[in-house]
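The structure displayed is predicted, hence computed values, not measured ones.
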Amino acid sequence: HLPVPSRMDIVIVGAGLAGLTAALTMSSNSLPFIVIEKTNSVGGQWRHNANFLSRVNSSEPSYRLPMVSREQHNTNHTHHYQVLEDILRAVQQHGLASRLHTLTEVRSNHRLADGRWLLAGCQQTASRTFEVNCQVSVLCTNRRLGNPRQLFYPGERDRFRGQVARGLAGDSDFLRCNSERVVVLGMGAFAIEVMRTTLERAASHVTILCRQRGACTPHVLDWLRF
């Protein structure tokens with residue numbers, strides 16, 4: 001892993017689909033940038049969920065990377081690795097590997113007096129800290145830098161005896177669901193994936209509680225269209 005440069009025009013934090021989309025846009029416009037990713041892989045949650053059982057594919061604009069050439073979009077929702085294939089193709093076509101710093105965590109982002117930004121953090125592989133001065137910082141992360149906000153419900157700690165996972169730091173990857181009743185709060189794409197995962201792990205019953213009407217996910221909307 002190369003050291004993070006001390007100065008750069010644009011720094012993109014996060015190599016999920018949002019970060020990759022930003023990187024592809026910068027690359028297509030020949031802008032100097034780097035991508036900083038805390039984990040050792042790209043693709044965000046899709047590095048876990050875009051497997052051969054996933055039906056999320058290139059027919060869904062919310063999961064479609066720009067500038068990835070494809071002769072025909074998959075609209076029949078067959079099982080495939082299409083999202084992962086698109087990620088790999090994007091990295092190869094635009095030479096993103098040379099701009100990507102993995103296992104590198106940004107811990108602070110401050111605006112300087114001259115209007116530029118100073119990002120600081122550490123590289124896990126080399127056990128060294130870094131600071132990068134940049135003109136633009138693009139934060140493509142699901143959680144705020146620093147301590148994430150926690151949402152607790154009355155009785156969760158003293159009366160509820162089950163497991164609670166919030167999707168932070170991969171805690172939902174280790175849920176034990178065999179013959180258990182599961183409640184999922186929310187109706188986005190992540191909620192749908194959690195529902196699928198718990199059923200695959202032999203949950204006896206899954207209930208989804210949603211604040212809004214309808215299913216707010218392109219996956220379900222596409223099923224309704226087709």
Side-chain angles (χ1 to χ4, degrees), residues 1-27 31-50 56 60-66 83-84 86-88 90-91 94 96-112 115-126 128-151 165-174 185-194 197 216-218:
H1 290 73
L2 297 175
V4 177
S6 60
R7 194 172 183 89
M8 178 58 60
D9 285 9
I10 302 169
V11 175
I12 300 170
V13 182
L17 292 192
L20 290 176
T21 298
L24 296 179
T25 302
M26 305 301 176
S27 177
L31 298 174
F33 70 93
I34 59 172
V35 181
I36 295 178
E37 166 60 36
K38 181 172 64 174
T39 69
N40 196 31
S41 57
V42 299
Q45 65 170 315
W46 298 112
R47 70 183 185 271
H48 302 298
N49 297 323
V56 176
E60 303 178 17
S62 295
Y63 307 113
R64 188 184 305 166
L65 287 171
V83 175
L84 295 180
D86 285 356
I87 292 172
L88 178 59
V91 170
H94 293 264
L96 298 184
S98 61
R99 301 174 181 269
L100 182 64
H101 296 267
T102 57
L103 290 176
T104 302
E105 182 178 3
V106 175
R107 295 181 174 176
S108 64
N109 184 28
H110 298 293
R111 191 71 177 267
L112 300 176
R116 294 177 64 90
W117 295 88
L118 183 66
L119 284 73
C122 68
Q123 287 186 285
Q124 301 175 31
T125 53
R128 61 190 172 204
T129 60
F130 72 88
E131 289 187 347
V132 52
N133 184 303
C134 63
Q135 184 175 349
V136 177
S137 65
V138 184
L139 303 183
C140 299
T141 57
N142 290 328
R143 47 188 287 189
R144 296 181 175 182
L145 294 178
N147 295 325
R149 291 180 296 174
Q150 296 283 3
L151 179 63
R166 292 179 168 80
L168 299 177
D171 62 355
S172 60
D173 295 339
F174 306 100
L185 303 182
M187 197 56 171
F190 182 64
I192 294 295
E193 289 292 342
V194 170
T197 300
C216 305
T217 164

Sub-4.5 Å side-chain heavy-atom contact between I10 and W117
no

Which pair of heavy atoms, one from E131 and one from A120, lies closest together, and at what distance?
CG-CB, 3.9 Å

Do H101 and P5 have side chains that approach each other closer than 4.5 Å (heavy atoms only, starting at C-beta)?
yes

For the CD atom of Q135 and the CG atom of N133, what is their distance to the nearest 0.5 Å?
10.0 Å

Between L24 and L96, is there a side-chain heavy-atom distance shorter than 4.5 Å?
yes

Check whether any side-chain heavy atom of R116 sits under 4.5 Å from a side-chain heavy atom of R7, and report yes or no.
yes

d(T141 OG1, I12 CD1) to nearest 0.5 Å is 12.5 Å

E105: which residues meet the salt bridge (charged side-chain N to carboxylate O under 4.0 Å, His left out) condition with it, sequence neighbours left out?
R107

Just how far is it from atom CE of M8 to atom OG of S137, taken to the nearest 0.5 Å?
13.5 Å

Please give me the minimum heavy-atom distance between A15 and V35, naming the atom from each residue.
CB-CG1, 4.0 Å

Side-chain touch C134/F33, heavy atoms, less than 4.5 angstrom
no

Answer yes or no: is there a donor N or O on one side and an acceptor on the other, between the side chain of Q124 and the main chain of T39, under 3.5 Å?
no

Show, in sequence, the C-alpha distance, side-chain angles and deciding distance for Q123 and T125, and conclude whether the side-chain hydrogen bond (donor to acceptor under 3.5 Å, both in side chains) test is met.
CA-CA 6 Å; Q123 287 186 285; T125 53; 5.4 Å; no

What closest approach, in Å, do S41 and E37 show between heavy atoms, and which atom pair accounts for it?
O-CG, 3.4 Å

Set out, in order, the CA-CA distance, both residues' side-chain angles and the distance that settles side chain to side chain contact (heavy atoms under 4.5 Å, CB included) for L20 and I87, then state yes or no.
CA-CA 8 Å; L20 290 176; I87 292 172; 3.7 Å; yes

Can you check whether T102's main-chain N or O pairs, donor with acceptor, with T104's side chain at less than 3.5 Å?
yes

Once you round to the nearest 0.5 Å, how far does NE2 of H110 lie from CG of L119?
9.0 Å

Look up atom SG in C122 and atom CG in L103, then write down how far apart they are to the nearest 0.5 Å.
10.0 Å

